[in-house]
Q: 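Sharing a structure here in structure tokens format.
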Amino acid sequence: MLTTKECRVFEVTPYDSVAPLYAELFSDMLDTRPLERAMLSAFAELTNGPVADLGCGPGHLTAHLRSLGLDVFGLDLSPSMIALAREAHPDLRFELGSMTALELEDGVLGGVLAFYSVIHMPPPELPVVFAEFFRVLKPGGHLMLGFYAGDDPEPQEFDHKVTLAYRWSPATISELLRKAGFAEVGRLVREPIDGERFLQAQLIMRKP
């Protein structure tokens with residue numbers, strides 16, 4: 001049986017103070033983003049077995065993946081986000097946890113979704129996170145990663161409204177994931193819409 005362990009103590013995160021506003025602004029985001037819906041649908045078709053939505057926030061994408069037929073649970077570092085997710089989607093499982101040290105056994109997941117949940121990660125820590133993603137996926141499992149994109153091969157800091165964040169070149173992120181053991185399946189890079197400032201990127205990767 002697939003289980004995770006909740007740590008007893010989690011520090012308050014920057015997202016705890018904005019959790020209700022975040023949920024209000026983004027819970028229906030897919031309604032106006034057909035390209036993201038298409039990528040998520042492709043990810044769902046490619047994926048077999050349990051899926052973890054890492055950095056799930058208020059659970060809107062967890063619920064969307066369930067609607068696509070996936071066995072999915074959400075995990076987030078923010079207690080406030082987890083509380084909102086559990087309230088909004090009581091039929092789904094949401095737990096506290098950190099992407100840098102997932103309390104999951106090796107090779108237990110068929111899929112990992114990390115949708116804009118690594119954008120605040122300091123660049124030196126990103127290989128550790130990608131190694132964790134690789135570890136918990138079974139062979140043939142898929143990762144879908146969403147992030148803010150740019151053309152510079154080096155990560156670029158920017159003033160995210162919640163806390164410091166980074167833009168990445170899709171080629172650089174893909175190479176980091178290749179070094180972690182993944183193979184690229186496909187990518188989407190689209191122009192900003194609806195007040196977005198930067199290019200938006202999604203990658204689908206496979207664990208051989």
Side-chain angles (χ1 to χ4, degrees), residues 1-7 10 13 15 19 22-23 26-31 33-119 121 129-147 177 182 185-188 200-207:
M1 181 178 179
L2 177 64
T3 61
T4 64
K5 302 175 183 178
E6 286 197 13
C7 296
F10 275 80
T13 75
Y15 276 91
Y22 184 97
F26 292 103
S27 289
D28 60 354
M29 59 167 287
L30 290 179
D31 293 348
R33 289 167 173 79
L35 296 179
E36 278 79 352
R37 291 200 306 271
M39 288 292 281
L40 288 164
S41 293
F43 172 72
E45 284 194 43
L46 291 166
T47 300
N48 294 308
V51 175
D53 179 6
L54 302 180
C56 65
H60 52 300
L61 295 183
T62 320
H64 183 73
L65 291 180
R66 172 59 65 84
S67 77
L68 296 176
L70 293 179
D71 174 16
V72 57
F73 68 95
L75 183 139
D76 202 281
L77 191 63
S78 163
S80 295
M81 287 292 193
I82 290 297
L84 288 173
R86 287 171 173 169
E87 180 180 0
H89 309 287
D91 56 325
L92 297 178
R93 181 160 63 97
F94 297 97
E95 300 183 3
L96 289 166
S98 170
M99 289 184 294
T100 60
L102 295 168
E103 297 197 24
L104 293 165
E105 299 296 327
D106 295 354
V108 294
L109 296 179
V112 166
L113 176 68
F115 203 76
Y116 293 81
S117 52
V118 301
I119 62 171
M121 193 69 59
V129 174
F130 290 167
E132 276 292 272
F133 294 171
F134 190 86
R135 180 184 67 79
V136 298
L137 281 169
K138 64 183 180 181
H142 287 81
L143 163 69
M144 180 171 169
L145 189 77
F147 55 98
L177 287 165
F182 288 98
V185 175
R187 70 176 72 181
L188 165 71
Q200 313 288 307
Q202 285 90 48
L203 290 175
I204 295 179
M205 311 293 293
R206 181 179 181 272
K207 178 176 178 176

Q: Mind checking whether F43 and L68 have side chains closer than 4.5 Å, heavy atoms only?
A: no
Q: Roughly how far, to the nearest 0.5 Å, is the CE atom of M205 from the CG atom of L143?
A: 7.5 Å
Q: Applying side-chain hydrogen bond (donor to acceptor under 3.5 Å, both in side chains) as the test, list every pair that has at least one member in residues 135-144; sequence neighbours left out.
A: D106-R135, E132-R135
Q: Can you tell me how far CG of L30 sits from CZ of F115, rounded to the nearest 0.5 angstrom?
A: 6.5 Å
Q: Do you see a donor-acceptor pair shorter than 3.5 Å between the side chains of S80 and S78?
A: no
Q: Answer whether the closest heavy-atom distance between the side chains of C56 and I82 falls below 4.5 Å.
A: yes
Q: Just grab all the side-chain hydrogen bond (donor to acceptor under 3.5 Å, both in side chains) pairs involving residues 34-59, residues at least two apart or on different chains.
A: E36-R190, D53-T62
Q: Any side-chain heavy atom of R33 sitting closer than 4.5 Å to one from Q200?
A: no
Q: On a heavy-atom basis, which atom in F147 and which in Y116 lie closest, and how many Å separate them?
A: C-CE2, 3.4 Å
Q: Quick one: pull up CG in L96 and CD in E103 and give me the separation to the nearest 0.5 Å.
A: 10.5 Å
Q: Quick one: closest heavy-atom pair of M144 and M39, and the distance?
A: CE-CB, 3.5 Å
Q: L109 and side-chain contact (heavy atoms from CB on, under 4.5 Å): which partner among V51, L54, L102, L104?
A: L104
Q: Using ring pair (Phe, Tyr, Trp, His ring centres under 6.0 Å) as the criterion, list what pairs up with F182, not counting sequence neighbours.
A: F134
Q: Looking at side-chain heavy atoms only, is the closest gap between M99 and V118 below 4.5 Å?
A: yes
Q: Could you tell me if R86 sits above the aromatic ring of F94, with its cationic atom closer than 6.0 Å to the ring centre and no more than 45 degrees from the axis?
A: no
Q: For G57 and A85, work out which heavy atoms get closest and say how close.
A: O-CB, 3.7 Å
Q: Between L40 and L113, is any pair of side-chain heavy atoms under 4.5 Å apart?
A: yes
